[in-house]
Amino acid sequence: MKLSLVVPCFNEEENIPLFYSRVKSDFKNAGFDYEIVFVNDGSRDGTLRELKKLLAGEIPVKIVSFSRNFGKESAMYAGLENSSGDYVTIIDADLQQSPALALEMVRTLDSKPEYDCIAAYQENRGENKALVFFKDGFYKLINKFTDTEFRQGASDFRTFRRPMVEAVLSMGEYFRFSKGLFSWVGFNTKFIPYTAAERAKGESKWSFFKLFRYALEGFFGYTTAPLRIAGIAGGLSLLGFLVYLIFTIVRCARGAEYTSGNSAVMLILAIGGVNLICLWLIGEYLARTYIQGKGRPIYIAKEIIKNDRYGENNG
Ligand code: UDP
Ligand code: MG
């Protein structure tokens with residue numbers, strides 16, 4: 001049995017040696033093989049230099065060094081692609097997530113064959129109230145509009161079995177929102193609570209603006225519902241036209257004068273409604289092209305079971 005630790009690193013020069021020695025001590029008595037796959041995500045500090053120093057150590061280390069900063073999502077993808085373990089853990093370099101807990105995840109997977117993934121989530125996040133409010137709202141909204149389940153507080157700190165890693169890698173979409181992908185691919189995930197430690201060194205790479213953009217990624221990546229808004233608005237406009245038409249007919253029948261204002265209102269409502277309905281129709285085609293463009297697999301089989309009557313030649 002072998003484990004791969006996948007570690008995205010962006011400007012983590014001070015944390016790399018600390019991370020390495022923590023892993024070394026926490027995994028001293030692990031009793032299985034492991035490798036560390038570091039992804040240097042275009043760091044502008046001495047991260048690569050620190051990583052290269054680790055090549056002389058006794059743990060198998062692989063460094064994937066990006067040509068520029070592509071973001072944590074891309075770094076995670078590259079790490080998974082370059083991992084070879086039967087189990088794979090994604091863990092941050094800043095020691096907010098403890099390697100000891102990763103070891104615990106592996107032990108749980110080893111003893112519980114019914115699970116394919118152990119994912120850590122933060123129960124009480126020490127974040128400011130505004131951010132918590134924003135995040136709560138995001139999760140409510142996204143869960144309402146998408147079929148994929150997004151779990152609040154869930155992190156990328158997870159340990160997978162190999163088949164689930166392959167499933168995630170089979171989703172080659174460019175705009176990645178991994179928390180959604182991990183859920184989309186299915187399999188059985190067990191969520192365990194954890195408390196994020198303070199960052200060992202340096203600062204978080206997430207600004208509010210970056211988080212907001214990331215949230216949009218999650219939203220637009222998993223639902224095409226907004227494309228239907230035009231249809232609803234168009235329907236309402238046509239309904240308004242009908243109501244106004246009846247209202248005007250009744251009024252005129254009772255002797256009121258028909259004015260050019262009446263025509264204007266009706267024309268605006270009718271033409272506006274038809275325009276919006278046409279936009280919605282385009283949206284429906286666009287949604288289909290968009291979903292097809294992601295090139296997601298049509299299904300993901302967890303296993304394919306055959307009996308021994310199945311000869312070698314039959315596949
Ligand atoms: N990271 C990365 N590329 C980026 C931003 C972050 O590889 O563009 C890495 C970073 O080095 C760390 C992990 O992703 O190992 C989580 O980042 P950070 O600690 O800044 O996020 P937070 O813990 O505040 O959510
Ligand atoms: Mg962090």
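Residue numbers start at 1 and run along the sequence shown. These figures come from a predicted structure and were not determined experimentally. Each ligand, and each atom within it, is numbered from 1 in the order the structure gives.
- Taking 2.8 Å as the threshold, Asp92 does not count as a candidate ligand of the Mg ion (ligand 2), since none of its N, O or S atoms lies below it.
- Atom 24 (O) of ligand 1 has Ser204 OG, 2.6 Å as its closest protein atom, hydrogens excluded (heavy atom only).
- Taking a 4.0 Å cut-off on heavy atoms, Arg199 registers as neighbouring ligand 1.
- When non-hydrogen atoms are compared, ligand 1 lies under 4.0 Å from the side chain of Asn69 (C-beta onward) but not from its backbone.
- The Glu12 neighbourhood of ligand 1 comprises atoms 10 (C), 11 (O), 12 (C), 15 (O), with distances under 4.0 Å to a heavy atom of that residue.
- Using a 4.5 Å cut-off between side-chain heavy atoms of Ile, Leu, Val, Met, Phe, Trp and Tyr, with links allowed through other members, Tyr214 and Ile90 fall into the same hydrophobic cluster.
- For the side-chain contact (heavy atoms from CB on, under 4.5 Å) criterion with Cys9, the lone passing option out of Val39, Asp41, Ile16 is Ile16.
- In Asp94, the N, O or S atom that comes nearest to the Mg ion (ligand 2) is OD2.
- Close N/O approach between Asp41 and ligand 1 is found [any backbone or side-chain N/O within under 3.5 Å].
- At least one test fails for Arg228 against the ring of Trp280: distance under 6.0 Å to the centre or angle within 45° of the axis.
- Residue Ala93 approaches ligand 1 through these ligand atoms, each under 4.0 Å from one of its heavy atoms: 15 (O).
- Between Asp92 and Lys72 there is a salt bridge, since a side-chain N of the basic residue sits under 4.0 Å from a carboxylate O of the acidic one.
- Residue Cys9 touches ligand 1 through its backbone alone, judged by heavy-atom distances below 4.0 Å.
- Formation of a donor-acceptor pair under 3.5 Å by the Thr89 side chain with backbone atoms of Ala102 is not found in this model.
- Residue Lys72 touches ligand 1 through backbone and side chain together, judged by heavy-atom distances below 4.0 Å.
- Remark: the backbone N or O of Gly85 is paired with a side-chain donor or acceptor of Arg162 at under 3.5 angstrom.
- Between the side chain of Thr289 and the main chain of Tyr285, a donor-acceptor pair closer than 3.5 Å is present.
- The protein heavy atom nearest to atom 21 (O) of ligand 1 is Trp206 CD1, 3.0 Å.
- The backbone N or O of Leu269 lies less than 3.5 Å from a partner atom in the side chain of Ser237, making a donor-acceptor pair.
- The distance criterion of under 3.5 Å between nitrogen or oxygen atoms is not met by Ala75 with respect to ligand 1.
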